[in-house]
Amino acid sequence: MGIFESIRTWLGKRDYNSAQFGRRNRSHVARATSANAEIAKAIGTLRDRSRDFVRNSWAGQRILDVLTSHVVGTGIMTVPNTGNDKIDNVYRLLREEWEETSDVEGVLDYGAQQSLLFRSMVEGGDSVLRMITVSLADSPRAVPLRLQGLEGDQIDTTRDSVLASPGQTSSVRLGVQIGDWGLREGLYLWKNHPGEMVVGNVDPSVLVDWSDLCHLYRPLRLGQLRGISWFAPVLLTAREIQDLMEAAIIQQRTQATYAGFLKRAPGAQNVLAAKRDDKGDKVVRIEPGTIQDIGESEITFANNSSQSVFGDSYKAGLRAMAAGAGLTYDQLTGDLTQANYSSLRTGKIEFRRLVEQIQWSVFVPMVCRKVDRRFLDYAIMADKLPKRPEGYPVDHIMPAIEPIDPLKDLQADILAVRSGRMSPQEFISAWGRDWRKVVKDFDAFFAFADANNVPLDIDPRRPAGGVAPADTDKETKANKEDADA
(Lines give C-alpha, C1' and ligand atoms only; values in the text may rest on other atoms or scores of the structure.)
Protein backbone atom coordinates (compact mmCIF):
# COMPACT_ATOMS: atom_id res chain seq x y z
CA MET A 1 0.00 0.00 0.00
CA GLY A 2 1.47 3.36 -1.10
CA ILE A 3 1.72 6.43 1.07
CA PHE A 4 -1.03 8.29 -0.84
CA GLU A 5 -3.39 5.35 -0.50
CA SER A 6 -2.67 5.17 3.24
CA ILE A 7 -3.44 8.88 3.61
CA ARG A 8 -6.69 8.44 1.65
CA THR A 9 -7.70 5.52 3.89
CA TRP A 10 -6.88 7.49 7.04
CA LEU A 11 -8.89 10.50 5.86
CA GLY A 12 -11.84 8.27 5.04
CA LYS A 13 -12.14 6.97 8.59
CA ARG A 14 -14.43 8.70 11.08
CA ASP A 15 -13.67 8.87 14.77
CA TYR A 16 -17.39 9.20 15.51
CA ASN A 17 -19.52 6.14 14.85
CA SER A 18 -22.48 8.29 13.81
CA ALA A 19 -20.36 9.90 11.08
CA GLN A 20 -19.40 6.62 9.43
CA PHE A 21 -21.04 5.25 6.28
CA GLY A 22 -21.27 1.59 7.13
CA ARG A 23 -24.21 -0.76 7.09
CA ARG A 24 -25.77 0.66 10.24
CA ASN A 25 -25.78 4.24 8.88
CA ARG A 26 -26.79 3.39 5.34
CA SER A 27 -30.37 4.65 5.79
CA HIS A 28 -29.36 7.77 7.71
CA VAL A 29 -29.69 10.58 5.17
CA ALA A 30 -28.81 14.13 6.24
CA ARG A 31 -28.09 17.32 4.33
CA ALA A 32 -25.98 20.35 5.18
CA THR A 33 -28.75 22.87 4.48
CA SER A 34 -29.60 26.07 6.30
CA ALA A 35 -32.69 26.51 8.43
CA ASN A 36 -34.37 28.65 5.79
CA ALA A 37 -33.66 26.16 3.00
CA GLU A 38 -35.30 23.38 5.02
CA ILE A 39 -38.28 25.52 6.00
CA ALA A 40 -38.87 26.71 2.44
CA LYS A 41 -39.58 23.16 1.24
CA ALA A 42 -41.76 22.09 4.16
CA ILE A 43 -43.52 25.09 5.70
CA GLY A 44 -46.73 24.85 3.67
CA THR A 45 -47.19 21.08 3.91
CA LEU A 46 -46.41 20.94 7.63
CA ARG A 47 -48.76 23.84 8.33
CA ASP A 48 -51.65 22.18 6.48
CA ARG A 49 -51.09 18.79 8.09
CA SER A 50 -50.77 20.33 11.54
CA ARG A 51 -54.11 22.09 11.17
CA ASP A 52 -55.71 18.88 9.98
CA PHE A 53 -54.25 17.15 13.05
CA VAL A 54 -55.80 19.78 15.33
CA ARG A 55 -59.16 19.66 13.55
CA ASN A 56 -59.53 15.88 13.51
CA SER A 57 -57.67 14.67 16.58
CA TRP A 58 -58.36 15.15 20.27
CA ALA A 59 -54.61 15.02 20.96
CA GLY A 60 -53.83 17.95 18.65
CA GLN A 61 -56.55 20.07 20.21
CA ARG A 62 -55.39 19.12 23.70
CA ILE A 63 -51.73 19.99 23.05
CA LEU A 64 -52.72 23.35 21.65
CA ASP A 65 -55.04 24.14 24.56
CA VAL A 66 -52.52 23.17 27.25
CA LEU A 67 -49.62 25.16 25.76
CA THR A 68 -51.76 28.25 25.17
CA SER A 69 -53.34 28.20 28.63
CA HIS A 70 -49.96 27.95 30.36
CA VAL A 71 -47.86 30.33 28.25
CA VAL A 72 -50.43 33.10 27.74
CA GLY A 73 -53.51 32.15 29.75
CA THR A 74 -55.88 35.12 29.89
CA GLY A 75 -53.09 37.44 28.83
CA ILE A 76 -49.61 38.61 29.87
CA MET A 77 -50.12 41.77 31.91
CA THR A 78 -48.12 44.97 31.44
CA VAL A 79 -47.97 47.10 34.61
CA PRO A 80 -46.11 50.40 35.12
CA ASN A 81 -43.17 50.65 37.47
CA THR A 82 -42.09 54.31 37.37
CA GLY A 83 -41.73 54.66 41.14
CA ASN A 84 -44.46 57.33 41.23
CA ASP A 85 -47.84 56.00 42.38
CA LYS A 86 -49.78 58.84 40.76
CA ILE A 87 -48.15 58.39 37.36
CA ASP A 88 -48.44 54.61 37.63
CA ASN A 89 -52.17 54.91 38.27
CA VAL A 90 -52.67 57.19 35.24
CA TYR A 91 -50.74 54.78 33.01
CA ARG A 92 -52.62 51.76 34.38
CA LEU A 93 -56.07 53.25 33.80
CA LEU A 94 -55.13 54.36 30.28
CA ARG A 95 -53.70 50.95 29.50
CA GLU A 96 -56.76 49.08 30.80
CA GLU A 97 -59.05 51.27 28.72
CA TRP A 98 -56.98 50.69 25.57
CA GLU A 99 -56.70 46.93 26.05
CA GLU A 100 -60.48 46.63 26.00
CA THR A 101 -60.59 48.14 22.48
CA SER A 102 -57.22 47.01 21.07
CA ASP A 103 -58.71 44.72 18.40
CA VAL A 104 -59.16 46.55 15.09
CA GLU A 105 -61.94 44.09 14.25
CA GLY A 106 -63.76 44.99 17.46
CA VAL A 107 -64.12 41.37 18.63
CA LEU A 108 -61.40 40.55 21.19
CA ASP A 109 -59.47 42.37 23.88
CA TYR A 110 -55.68 42.46 24.15
CA GLY A 111 -55.41 39.33 26.31
CA ALA A 112 -57.56 37.30 23.91
CA GLN A 113 -55.50 38.57 20.97
CA GLN A 114 -52.33 37.37 22.69
CA SER A 115 -53.87 33.95 23.21
CA LEU A 116 -55.03 33.60 19.60
CA LEU A 117 -51.70 34.90 18.28
CA PHE A 118 -49.74 32.31 20.25
CA ARG A 119 -52.18 29.54 19.33
CA SER A 120 -51.79 30.35 15.64
CA MET A 121 -48.00 30.36 16.00
CA VAL A 122 -47.89 26.92 17.63
CA GLU A 123 -50.23 25.43 15.03
CA GLY A 124 -48.87 27.06 11.88
CA GLY A 125 -45.29 27.95 12.79
CA ASP A 126 -45.60 31.73 12.91
CA SER A 127 -48.13 34.54 13.18
CA VAL A 128 -48.15 38.30 12.76
CA LEU A 129 -49.57 41.13 14.85
CA ARG A 130 -49.95 44.32 12.86
CA MET A 131 -50.03 47.67 14.69
CA ILE A 132 -52.45 50.05 12.99
CA THR A 133 -52.83 53.78 13.55
CA VAL A 134 -56.39 55.12 13.81
CA SER A 135 -57.57 58.72 13.88
CA LEU A 136 -58.21 60.53 17.14
CA ALA A 137 -61.83 60.95 16.04
CA ASP A 138 -62.22 57.16 16.01
CA SER A 139 -60.53 56.86 19.40
CA PRO A 140 -61.44 59.95 21.44
CA ARG A 141 -60.74 58.37 24.84
CA ALA A 142 -58.28 55.55 24.28
CA VAL A 143 -54.85 55.61 22.63
CA PRO A 144 -55.25 55.71 18.79
CA LEU A 145 -53.64 52.32 18.27
CA ARG A 146 -55.27 49.09 17.12
CA LEU A 147 -53.92 45.59 16.58
CA GLN A 148 -54.72 43.08 13.83
CA GLY A 149 -53.81 39.42 14.17
CA LEU A 150 -52.74 37.57 11.01
CA GLU A 151 -51.84 33.95 10.34
CA GLY A 152 -48.45 33.13 8.91
CA ASP A 153 -50.14 32.17 5.63
CA GLN A 154 -50.46 35.86 4.81
CA ILE A 155 -46.70 36.22 4.50
CA ASP A 156 -45.97 35.85 0.80
CA THR A 157 -43.37 33.08 0.61
CA THR A 158 -43.14 33.49 -3.17
CA ARG A 159 -41.24 36.70 -2.54
CA ASP A 160 -37.89 35.01 -2.42
CA SER A 161 -34.59 36.17 -3.87
CA VAL A 162 -31.63 34.36 -2.42
CA LEU A 163 -29.16 36.43 -4.41
CA ALA A 164 -29.50 40.20 -4.31
CA SER A 165 -28.76 42.38 -7.33
CA PRO A 166 -25.36 44.12 -7.59
CA GLY A 167 -25.30 47.15 -5.31
CA GLN A 168 -28.49 46.09 -3.53
CA THR A 169 -28.13 45.87 0.24
CA SER A 170 -31.52 44.24 0.91
CA SER A 171 -32.77 40.82 -0.08
CA VAL A 172 -36.01 38.90 0.39
CA ARG A 173 -36.21 35.39 1.80
CA LEU A 174 -39.50 33.56 2.36
CA GLY A 175 -41.41 36.86 2.32
CA VAL A 176 -39.08 38.56 4.82
CA GLN A 177 -37.06 41.53 3.62
CA ILE A 178 -33.66 41.65 5.30
CA GLY A 179 -30.84 44.16 5.15
CA ASP A 180 -27.23 44.17 6.26
CA TRP A 181 -26.34 41.73 9.04
CA GLY A 182 -29.73 40.08 8.69
CA LEU A 183 -31.60 43.12 10.02
CA ARG A 184 -35.35 42.72 9.42
CA GLU A 185 -36.84 45.50 7.31
CA GLY A 186 -40.38 44.27 6.67
CA LEU A 187 -42.74 41.50 5.60
CA TYR A 188 -44.55 41.02 2.31
CA LEU A 189 -48.18 40.49 3.29
CA TRP A 190 -51.19 39.46 1.26
CA LYS A 191 -54.23 41.71 1.62
CA ASN A 192 -56.44 38.68 2.27
CA HIS A 193 -55.73 35.16 3.47
CA PRO A 194 -54.52 33.16 0.42
CA GLY A 195 -56.79 30.28 1.41
CA GLU A 196 -59.91 32.45 1.49
CA MET A 197 -62.35 31.45 -1.25
CA VAL A 198 -63.04 34.98 -2.43
CA VAL A 199 -63.55 35.98 -6.06
CA GLY A 200 -60.88 38.44 -7.10
CA ASN A 201 -58.48 37.55 -4.31
CA VAL A 202 -55.53 38.33 -6.57
CA ASP A 203 -54.14 41.56 -5.14
CA PRO A 204 -50.34 41.47 -5.01
CA SER A 205 -48.58 41.34 -1.66
CA VAL A 206 -47.20 44.61 -0.29
CA LEU A 207 -44.19 45.33 1.90
CA VAL A 208 -45.13 46.40 5.42
CA ASP A 209 -42.45 48.08 7.51
CA TRP A 210 -40.95 46.00 10.30
CA SER A 211 -41.65 48.71 12.90
CA ASP A 212 -45.40 48.19 12.36
CA LEU A 213 -45.28 44.42 12.85
CA CYS A 214 -44.75 41.82 15.54
CA HIS A 215 -43.60 38.59 13.87
CA LEU A 216 -44.06 35.77 16.37
CA TYR A 217 -42.21 32.49 15.86
CA ARG A 218 -39.84 30.24 17.79
CA PRO A 219 -36.29 30.38 16.42
CA LEU A 220 -34.57 27.00 16.66
CA ARG A 221 -31.47 27.79 14.60
CA LEU A 222 -29.32 30.88 14.08
CA GLY A 223 -30.39 32.88 11.05
CA GLN A 224 -33.88 31.36 10.96
CA LEU A 225 -36.40 33.76 9.38
CA ARG A 226 -39.66 31.82 9.62
CA GLY A 227 -41.16 29.43 12.13
CA ILE A 228 -42.18 25.81 11.75
CA SER A 229 -45.21 24.13 13.28
CA TRP A 230 -44.61 22.76 16.77
CA PHE A 231 -46.41 19.58 15.73
CA ALA A 232 -43.73 18.72 13.15
CA PRO A 233 -41.84 16.19 15.38
CA VAL A 234 -45.02 14.32 16.38
CA LEU A 235 -47.23 14.35 13.29
CA LEU A 236 -46.11 10.96 11.98
CA THR A 237 -46.37 9.31 15.41
CA ALA A 238 -49.76 10.91 16.00
CA ARG A 239 -51.09 9.61 12.70
CA GLU A 240 -49.92 6.07 13.47
CA ILE A 241 -51.44 6.20 16.96
CA GLN A 242 -54.74 7.32 15.47
CA ASP A 243 -54.62 4.43 12.96
CA LEU A 244 -53.82 2.03 15.81
CA MET A 245 -56.86 3.22 17.73
CA GLU A 246 -59.13 2.80 14.71
CA ALA A 247 -57.78 -0.71 14.08
CA ALA A 248 -58.41 -1.68 17.71
CA ILE A 249 -61.97 -0.36 17.54
CA ILE A 250 -62.67 -2.27 14.34
CA GLN A 251 -61.20 -5.42 15.88
CA GLN A 252 -63.44 -5.11 18.92
CA ARG A 253 -66.52 -4.48 16.77
CA THR A 254 -65.73 -7.52 14.64
CA GLN A 255 -65.22 -9.76 17.65
CA ALA A 256 -68.42 -8.46 19.23
CA THR A 257 -70.44 -9.95 16.36
CA TYR A 258 -69.47 -13.47 17.58
CA ALA A 259 -69.77 -15.05 14.10
CA GLY A 260 -70.72 -18.73 13.72
CA PHE A 261 -70.38 -21.24 10.85
CA LEU A 262 -72.92 -24.03 10.15
CA LYS A 263 -71.54 -27.35 8.88
CA ARG A 264 -73.88 -29.87 7.10
CA ALA A 265 -73.53 -32.66 4.61
CA PRO A 266 -73.80 -31.86 0.89
CA GLY A 267 -77.42 -31.64 -0.13
CA ALA A 268 -78.62 -31.74 3.45
CA GLN A 269 -81.39 -29.39 4.47
CA ASN A 270 -80.63 -26.23 6.44
CA VAL A 271 -81.98 -26.90 9.92
CA LEU A 272 -82.06 -23.17 10.73
CA ALA A 273 -84.40 -20.66 9.17
CA ALA A 274 -82.49 -18.55 6.66
CA LYS A 275 -83.18 -14.91 5.80
CA ARG A 276 -81.92 -12.80 2.94
CA ASP A 277 -79.86 -9.67 3.60
CA ASP A 278 -79.85 -6.46 1.55
CA LYS A 279 -77.76 -8.10 -1.17
CA GLY A 280 -80.03 -11.14 -1.43
CA ASP A 281 -77.60 -13.56 0.24
CA LYS A 282 -78.97 -16.09 2.71
CA VAL A 283 -77.84 -15.42 6.27
CA VAL A 284 -78.76 -17.45 9.33
CA ARG A 285 -79.16 -15.53 12.58
CA ILE A 286 -79.76 -16.90 16.06
CA GLU A 287 -81.78 -14.56 18.23
CA PRO A 288 -80.91 -14.17 21.94
CA GLY A 289 -82.49 -16.86 24.12
CA THR A 290 -83.19 -19.19 21.19
CA ILE A 291 -82.87 -22.98 21.74
CA GLN A 292 -82.63 -24.64 18.36
CA ASP A 293 -82.48 -28.35 17.59
CA ILE A 294 -79.98 -28.75 14.73
CA GLY A 295 -80.02 -32.58 14.61
CA GLU A 296 -76.77 -33.99 13.33
CA SER A 297 -75.49 -30.65 11.96
CA GLU A 298 -72.61 -28.80 13.60
CA ILE A 299 -72.11 -25.12 14.37
CA THR A 300 -68.61 -23.69 14.87
CA PHE A 301 -68.11 -20.23 16.41
CA ALA A 302 -65.10 -18.02 15.73
CA ASN A 303 -62.63 -17.78 18.60
CA ASN A 304 -61.89 -14.20 19.66
CA SER A 305 -58.27 -13.24 19.98
CA SER A 306 -57.25 -12.87 23.60
CA GLN A 307 -53.75 -11.59 22.86
CA SER A 308 -53.36 -7.87 22.30
CA VAL A 309 -50.56 -5.37 22.90
CA PHE A 310 -52.77 -2.41 22.06
CA GLY A 311 -52.74 -0.92 25.55
CA ASP A 312 -48.96 -0.89 25.95
CA SER A 313 -48.32 0.31 22.40
CA TYR A 314 -50.95 3.04 22.70
CA LYS A 315 -49.55 4.37 25.97
CA ALA A 316 -45.98 4.30 24.67
CA GLY A 317 -47.07 6.26 21.61
CA LEU A 318 -48.92 8.83 23.72
CA ARG A 319 -45.91 9.29 25.98
CA ALA A 320 -43.67 9.85 22.97
CA MET A 321 -46.14 12.32 21.49
CA ALA A 322 -46.44 14.22 24.79
CA ALA A 323 -42.65 14.45 25.13
CA GLY A 324 -42.32 15.67 21.54
CA ALA A 325 -44.87 18.41 22.20
CA GLY A 326 -43.21 19.46 25.45
CA LEU A 327 -45.99 18.19 27.74
CA THR A 328 -46.21 15.48 30.34
CA TYR A 329 -48.24 12.34 29.78
CA ASP A 330 -50.90 13.31 32.31
CA GLN A 331 -51.31 16.76 30.71
CA LEU A 332 -51.95 15.19 27.33
CA THR A 333 -54.30 12.41 28.40
CA GLY A 334 -55.63 13.43 31.81
CA ASP A 335 -54.63 9.95 33.03
CA LEU A 336 -53.51 10.20 36.68
CA THR A 337 -53.87 6.52 37.58
CA GLN A 338 -50.14 6.00 38.12
CA ALA A 339 -49.26 9.53 39.26
CA ASN A 340 -48.41 10.74 42.75
CA TYR A 341 -47.38 14.07 44.26
CA SER A 342 -43.66 13.56 43.63
CA SER A 343 -44.04 12.47 40.01
CA LEU A 344 -46.50 15.26 39.23
CA ARG A 345 -44.27 17.90 40.78
CA THR A 346 -41.14 16.65 39.04
CA GLY A 347 -42.86 16.67 35.66
CA LYS A 348 -44.36 20.11 36.21
CA ILE A 349 -40.99 21.62 37.16
CA GLU A 350 -39.54 20.72 33.76
CA PHE A 351 -42.68 21.92 32.00
CA ARG A 352 -42.62 25.25 33.85
CA ARG A 353 -39.02 25.81 32.78
CA LEU A 354 -40.08 25.36 29.17
CA VAL A 355 -43.04 27.71 29.63
CA GLU A 356 -40.83 30.41 31.20
CA GLN A 357 -38.35 30.09 28.35
CA ILE A 358 -41.09 30.60 25.77
CA GLN A 359 -42.60 33.51 27.68
CA TRP A 360 -39.41 35.50 28.27
CA SER A 361 -37.37 34.46 25.21
CA VAL A 362 -40.08 34.45 22.54
CA PHE A 363 -43.37 36.15 23.39
CA VAL A 364 -42.21 39.11 25.49
CA PRO A 365 -39.40 40.35 23.18
CA MET A 366 -41.31 39.66 19.96
CA VAL A 367 -44.74 40.96 20.97
CA CYS A 368 -45.12 42.57 24.39
CA ARG A 369 -42.19 44.98 24.27
CA LYS A 370 -42.91 46.17 20.74
CA VAL A 371 -46.57 46.80 21.59
CA ASP A 372 -45.56 48.55 24.84
CA ARG A 373 -43.24 50.93 23.02
CA ARG A 374 -45.81 51.75 20.35
CA PHE A 375 -48.53 52.26 22.99
CA LEU A 376 -46.31 54.67 24.93
CA ASP A 377 -45.32 56.66 21.82
CA TYR A 378 -48.95 57.10 20.76
CA ALA A 379 -50.09 57.92 24.30
CA ILE A 380 -47.54 60.73 24.52
CA MET A 381 -48.34 62.05 21.02
CA ALA A 382 -52.07 62.06 21.84
CA ASP A 383 -51.37 63.96 25.11
CA LYS A 384 -52.70 61.06 27.15
CA LEU A 385 -49.43 60.83 29.08
CA PRO A 386 -46.82 63.52 29.84
CA LYS A 387 -43.36 63.07 28.39
CA ARG A 388 -40.80 62.05 31.01
CA PRO A 389 -37.01 62.01 30.55
CA GLU A 390 -36.79 58.74 32.48
CA GLY A 391 -39.61 57.19 30.43
CA TYR A 392 -42.21 54.73 31.70
CA PRO A 393 -40.61 51.46 32.85
CA VAL A 394 -43.00 48.52 32.91
CA ASP A 395 -43.09 44.99 34.29
CA HIS A 396 -44.67 41.93 32.70
CA ILE A 397 -46.73 39.61 34.88
CA MET A 398 -47.22 36.06 33.65
CA PRO A 399 -50.26 33.83 34.23
CA ALA A 400 -50.40 32.26 37.67
CA ILE A 401 -48.91 28.80 38.15
CA GLU A 402 -51.42 26.69 40.02
CA PRO A 403 -49.74 24.67 42.81
CA ILE A 404 -50.06 20.91 43.00
CA ASP A 405 -50.32 21.03 46.79
CA PRO A 406 -51.33 24.61 47.76
CA LEU A 407 -50.40 24.29 51.44
CA LYS A 408 -46.91 22.90 50.82
CA ASP A 409 -46.20 25.34 48.00
CA LEU A 410 -47.39 28.37 49.98
CA GLN A 411 -45.31 27.39 52.99
CA ALA A 412 -42.28 27.03 50.72
CA ASP A 413 -42.96 30.44 49.13
CA ILE A 414 -43.31 32.12 52.52
CA LEU A 415 -39.97 30.65 53.61
CA ALA A 416 -38.42 31.80 50.32
CA VAL A 417 -39.62 35.38 50.94
CA ARG A 418 -38.52 35.40 54.59
CA SER A 419 -35.09 34.03 53.67
CA GLY A 420 -34.60 36.59 50.90
CA ARG A 421 -34.68 34.10 48.06
CA MET A 422 -37.49 36.10 46.44
CA SER A 423 -39.06 39.48 47.10
CA PRO A 424 -42.70 39.96 48.16
CA GLN A 425 -43.30 41.56 44.77
CA GLU A 426 -42.04 38.45 42.98
CA PHE A 427 -44.16 36.24 45.23
CA ILE A 428 -47.38 38.13 44.39
CA SER A 429 -46.50 38.43 40.69
CA ALA A 430 -46.00 34.65 40.52
CA TRP A 431 -49.73 34.36 41.15
CA GLY A 432 -50.50 36.59 38.15
CA ARG A 433 -51.30 39.68 40.22
CA ASP A 434 -50.03 43.27 40.31
CA TRP A 435 -48.50 43.63 43.77
CA ARG A 436 -49.36 47.34 44.00
CA LYS A 437 -53.02 46.63 43.41
CA VAL A 438 -52.96 43.78 45.93
CA VAL A 439 -51.43 46.03 48.62
CA LYS A 440 -53.97 48.78 47.92
CA ASP A 441 -56.83 46.29 48.06
CA PHE A 442 -55.57 44.98 51.41
CA ASP A 443 -55.24 48.51 52.77
CA ALA A 444 -58.75 49.49 51.69
CA PHE A 445 -60.31 46.27 52.96
CA PHE A 446 -58.77 46.27 56.43
CA ALA A 447 -59.27 50.01 56.86
CA PHE A 448 -62.98 49.43 56.30
CA ALA A 449 -62.96 46.40 58.63
CA ASP A 450 -61.18 48.36 61.38
CA ALA A 451 -63.56 51.30 61.01
CA ASN A 452 -66.47 48.93 61.57
CA ASN A 453 -64.68 47.06 64.40
CA VAL A 454 -64.79 43.72 62.55
CA PRO A 455 -61.83 41.50 63.55
CA LEU A 456 -61.10 38.81 60.97
CA ASP A 457 -58.99 35.70 61.22
CA ILE A 458 -57.58 36.38 57.74
CA ASP A 459 -55.96 39.60 58.97
CA PRO A 460 -52.19 39.02 58.48
CA ARG A 461 -51.54 41.61 61.22
CA ARG A 462 -53.07 39.24 63.76
CA PRO A 463 -51.93 35.77 64.80
CA ALA A 464 -53.97 32.84 63.50
CA GLY A 465 -55.82 32.60 66.85
CA GLY A 466 -57.33 36.02 66.34
CA VAL A 467 -55.51 37.69 69.30
CA ALA A 468 -55.10 41.41 68.86
CA PRO A 469 -51.56 42.46 67.99
CA ALA A 470 -49.51 44.31 70.55
CA ASP A 471 -49.30 48.09 70.29
CA THR A 472 -45.88 48.29 68.72
CA ASP A 473 -45.66 52.09 69.11
CA LYS A 474 -46.21 51.93 72.88
CA GLU A 475 -43.83 48.99 73.19
CA THR A 476 -41.12 50.79 71.27
CA LYS A 477 -41.57 53.93 73.38
CA ALA A 478 -41.36 51.94 76.63
CA ASN A 479 -38.22 50.15 75.50
CA LYS A 480 -36.65 53.50 74.64
CA GLU A 481 -37.50 54.97 78.07
CA ASP A 482 -35.98 51.94 79.79
CA ALA A 483 -32.81 52.34 77.75
CA ASP A 484 -32.54 56.05 78.65
CA ALA A 485 -33.05 55.28 82.34
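Here Leu327 contributes atom CG and Met321 contributes atom CE; the two are 9.5 Å apart, rounded to the nearest 0.5 Å. Rounding to the nearest 0.5 Å gives a distance of 8.5 Å between OH of Tyr217 and CD1 of Ile39.
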Derivation of the side-chain contact (heavy atoms from CB on, under 4.5 Å) call for Phe363 and Leu216
CA-CA 7 Å; Phe363 202 91; Leu216 180 63; 3.7 Å; yes

Walk me through whether Val172 and Leu207 qualify under side-chain contact (heavy atoms from CB on, under 4.5 Å).
CA-CA 11 Å; Val172 183; Leu207 179 65; over 6 Å; no

What do the steps show when you test Leu344 against Asp330 for side-chain contact (heavy atoms from CB on, under 4.5 Å), and what is the final call?
CA-CA 8 Å; Leu344 287 174; Asp330 62 278; 3.8 Å; yes

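In this structure, Trp210 has no ring-ring contact (aromatic ring centres under 6.0 Å, His included) partners at least two apart in sequence or on a different chain. Residues that satisfy the ring-ring contact (aromatic ring centres under 6.0 Å, His included) test with Phe53, not counting sequence neighbours, are Phe231. Every residue meeting the ring-ring contact (aromatic ring centres under 6.0 Å, His included) condition with Phe118, not counting sequence neighbours, appears here in chain and number order: Trp230. With sequence neighbours excluded, no residue satisfies side-chain hydrogen bond (donor to acceptor under 3.5 Å, both in side chains) with Glu100. The side-chain hydrogen bond (donor to acceptor under 3.5 Å, both in side chains) check on Asp85 picks up nothing, with sequence neighbours excluded. Legend: residues meeting side chain to side chain contact (heavy atoms under 4.5 Å, CB included) with Ser419, ordered by chain and number and at least two apart, are Arg421.
The list of side-chain hydrogen bond (donor to acceptor under 3.5 Å, both in side chains) pairs with a residue in residues 407-416, not counting sequence neighbours, reads Arg345-Asp409. Applying the side-chain hydrogen bond (donor to acceptor under 3.5 Å, both in side chains) test to residues at least two apart or on different chains, the pairs with a partner in residues 60-71 are Gln61-Arg119, Asp65-Arg119. Among pairs with a residue in residues 372-381, those fulfilling salt bridge (charged side-chain N to carboxylate O under 4.0 Å, His left out) read Arg95-Asp372, Asp212-Arg374, at least two apart in sequence or across chains. For the salt bridge (charged side-chain N to carboxylate O under 4.0 Å, His left out) condition, the pairs that include at least one residue of residues 349-366, sequence neighbours left out, are Arg353-Glu356.
Within 6.0 Å of CZ in Arg49 there are 12 or fewer heavy atoms belonging to other residues, nucleotides or ligands.
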List the atom pairs, donor and acceptor, that lie under 3.5 Å between side-chain atoms in residues 333-340 and the rest of the protein, sequence neighbours left out.
from: Thr333; atom 1: OG1; to: Tyr329; atom 2: O; distance (Å): 2.9
from: Thr333; atom 1: OG1; to: Asp335; atom 2: N; distance (Å): 3.1
from: Asp335; atom 1: OD1; to: Thr337; atom 2: N; distance (Å): 3.1
from: Asp335; atom 1: OD1; to: Thr337; atom 2: OG1; distance (Å): 2.8
from: Asp335; atom 1: OD2; to: Tyr329; atom 2: OH; distance (Å): 3.2
from: Asn340; atom 1: OD1; to: Ser342; atom 2: N; distance (Å): 3.2
from: Asn340; atom 1: OD1; to: Ser343; atom 2: N; distance (Å): 2.8
from: Asn340; atom 1: OD1; to: Ser343; atom 2: OG; distance (Å): 3.0

Donor-acceptor contacts, no H, no angles, side chain residues 234-250, under 3.5 Å, sequence neighbours left out:
from: Gln242; atom 1: NE2; to: Asn56; atom 2: O; distance (Å): 3.4

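The distance between the ring centers of Tyr110 and Trp98 falls below 6.0 angstrom.
Salt-bridge check for Glu105 with Arg146: failed, with every basic side-chain N at 4.0 Å or more from each acidic carboxylate O.
Across all non-hydrogen atoms, the minimal contact from Ser50 to Glu123 is CB-O, 3.4 Å.
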